[in-house]
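Quick notes on the structure that follows.
As a basis for the values below, the full set of heavy atoms in this structure was taken, side chains included, without hydrogen atoms, waters or symmetry mates. Lettering of chains follows the sequences in order, A, B, ..., and the numbering in each one begins at 1.
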Number of protein chains: 2
Amino acid sequence: MAHRARLAVMTTGPLIAEVAALVGDPARANMLTALMAGKALTASELAYVGGVAPPTASGHLAKLAQARLVVVATQGRHRYFRLASVQVARMLEGLMAVAVDGPPRHRPTGPRDKALAAARTCYDHLAGGLGVGLADALTRRGLVQLDDDGGAVTDDGHRFLAEFGIDLEQAGRSRRIFCRPCLDWSERRWHIGGAVGAALADRCFGLGWIARVRDTRAVSVTPAGRSGFAESFGLEIDEGGQTAPKAA
Amino acid sequence: MAHRARLAVMTTGPLIAEVAALVGDPARANMLTALMAGKALTASELAYVGGVAPPTASGHLAKLAQARLVVVATQGRHRYFRLASVQVARMLEGLMAVAVDGPPRHRPTGPRDKALAAARTCYDHLAGGLGVGLADALTRRGLVQLDDDGGAVTDDGHRFLAEFGIDLEQAGRSRRIFCRPCLDWSERRWHIGGAVGAALADRCFGLGWIARVRDTRAVSVTPAGRSGFAESFGLEIDEGGQTAPKAA
DNA sequence: GCGACGCTTCGGCGCGCGCCGAAGCGATCA
DNA sequence: TGATCGCTTCGGCGCGCGCCGAAGCGTCGC
């Protein structure tokens, strides 16, 4: 039995607590959140986003690395950290989904918040109004199906995505291409995660329709993107970056 | 725009930290883990599983309830707590998935660990060797497709499940029934979560093929279950509760 | 080679949070 | 009605962990 159960890690409570405690420090949480942009950041940058001094950040990062929440690549004197896996990103998503279901909180908001809500990266795919707008457009057109338990690309969807420049075909395989529904914490609805979501984001970046905003996870839609999304997805994106279905 | 972005909860780092810090206490983590059995437990029972005195447990539970990780129902002098939502269960799963990817740890194991690995509830569906065995049997027979980004019941699968006593048809809808792949932390492979997984578990409990083990999340397979799983799923479950495909 | 910079380690400090015994309140039962 | 039980609140205690300035090491650029 190659799949004989692993019996070495059975005490789930303490294991969960250990990981959660690491994420439960505000400085570390801020760092992990910043790494949700999908890029690698230096220790100094992470100290800055964590709001702590460099020595403190060093300690935090050592812990995150030891626990395999982040991985580090050294380039000269620079140490670049990124999230260790998509599982870590999903864990953070799960925490966020629970947090937004929590007790009402009044928090001041600013321009950065609007920008994040309009469009941002959720690790490797698009989120916010734009991410949800894309998911809505694709489902409305019958190109994708999404519900609580999952999603898939339809036959029409395959064709559409191929024309859009995304080739998800697996040679000789007749398997359905699944879409991972990812709960969007600002919109409280699904955007598309997984391989399809990542491919969509990649393609949009590649077309120059969207660009990353420096020092933040926000994504801005370019003028080319405004017309591209309108034409290909029937989405209108206004001057403030808000996404809505195009009026018929 | 009814779906106008919520702008009140934008500072994700602190939000995530708050929830994670709650889960990061060992006593609270143990409580939440116990509630992953899918049943409600009293404050006293939770004090016991948390390994703390009743006054301490009271404080912990108040925090969990305030943050809406648990909900409480009062029956006379008994206070029954359960997980507040499936989102909370998924969050805990996500933490566990990351934890088992963490650094190697040596931990003593005992009979309870074996039992949990063999078969247990993961909130509302089956996990462990049995849960993964079921998923494998269903995929092997082409009744279900599962991969990293999702899963779905095939046409054959619909028929099979209907015959098995699970009716997932949605009246007049041609939508595909998706299966949520849930990463099994003891097997390190997918078992089936979501509505399909829950329905499967329900049905097996209903048939008396499996029974809950008192004071634990472990699930034991009954003699009726042993023959039932063999006949319906081609699974052999030995005296120790280990699940394997039946030899051809 | 030297100074600047990124990063880590060290040591001391202070704060927060979980701990439990005692006490109190309300529900249950004989 | 009185005793028992489940649960919560209160108050004091101790421990752990994050904080940062100082110092040290290695890399980089002039």
Side-chain angles (χ1 to χ4, degrees), chain A residues 13-35 39-82 102-103 215, chain B residues 13-35 39-82 102-103 215:
Chain A
L15 279 187
I16 280 176
E18 206 168 309
V19 174
L22 287 173
V23 185
D25 174 74
R28 288 198 289 268
N30 284 333
M31 291 177 187
L32 292 167
T33 300
L35 291 173
K39 300 182 306 178
L41 295 174
T42 62
S44 298
E45 288 169 325
L46 289 166
Y48 178 75
V49 297
V52 292
T56 307
S58 273
H60 286 314
L61 292 168
K63 285 184 177 178
L64 293 174
Q66 208 275 329
R68 296 185 187 167
L69 296 198
V70 297
V71 288
V72 60
T74 304
Q75 288 181 30
R77 62 190 172 183
H78 290 282
R79 312 259 291 170
Y80 284 90
F81 294 84
R82 58 183 170 86
D215 292 336
Chain B
L15 279 186
I16 280 176
E18 207 169 307
V19 173
L22 288 172
V23 185
D25 174 75
R28 288 198 290 268
N30 284 332
M31 290 176 187
L32 292 167
T33 299
L35 292 174
K39 300 181 306 176
L41 296 175
T42 62
S44 297
E45 288 169 324
L46 289 167
Y48 178 75
V49 298
V52 291
T56 307
S58 275
H60 287 314
L61 291 168
K63 284 184 177 178
L64 293 174
Q66 208 275 326
R68 296 187 188 165
L69 296 198
V70 297
V71 289
V72 60
T74 305
Q75 289 180 29
R77 62 190 174 183
H78 290 282
R79 312 260 289 173
Y80 284 90
F81 293 83
R82 58 184 171 84
D215 292 336

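- Toward the 5' end of DNA chain D, the nearer of the two residues B:A62 and A:R28, judged by each one's closest nucleotide, is B:A62.
- With rounding to the nearest 0.5 angstrom, the CG atom of A:L35 is 10.0 Å from the NZ atom of A:K39.
- Contact check for B:V72 versus B:L61: no side-chain heavy atoms found under the 4.5 Å cut-off.
- Look at OH on B:Y80: it is 13 Å from C1' on C:dA27, rounded to the nearest Å.
- Across the interface with DNA chain D, nearest-nucleotide mapping of A:G76 and A:A53 shows A:A53 to be the residue nearer the 5′ end.
- For the atom pair CZ of A:R79 and CG of A:L46, the computed distance is 12.0 Å after rounding to the nearest 0.5 Å.
- Between A:H60 atom NE2 and A:M31 atom CE the span is 5.5 Å, to the nearest 0.5 Å.
- Taking a 6.0 Å sphere around CZ of A:R82, one finds it holds 12 or fewer heavy atoms contributed by other residues, nucleotides or ligands.
- Contact of A:R79 with C:dC7 (side chain to base): no donor-acceptor pair of N or O atoms is detected under 3.5 Å.
- With contacts defined as side-chain heavy-atom distances shorter than 4.5 Å, the pair B:L32/B:V70 qualifies.
- With rounding to whole Å, A:R77 atom CZ is found 9 Å from C:dC7 atom P.
- Nucleotides of DNA chain D with any atom under 4.0 Å from a heavy atom of chain B span, from 5' to 3', D:dT4 to D:dT9.
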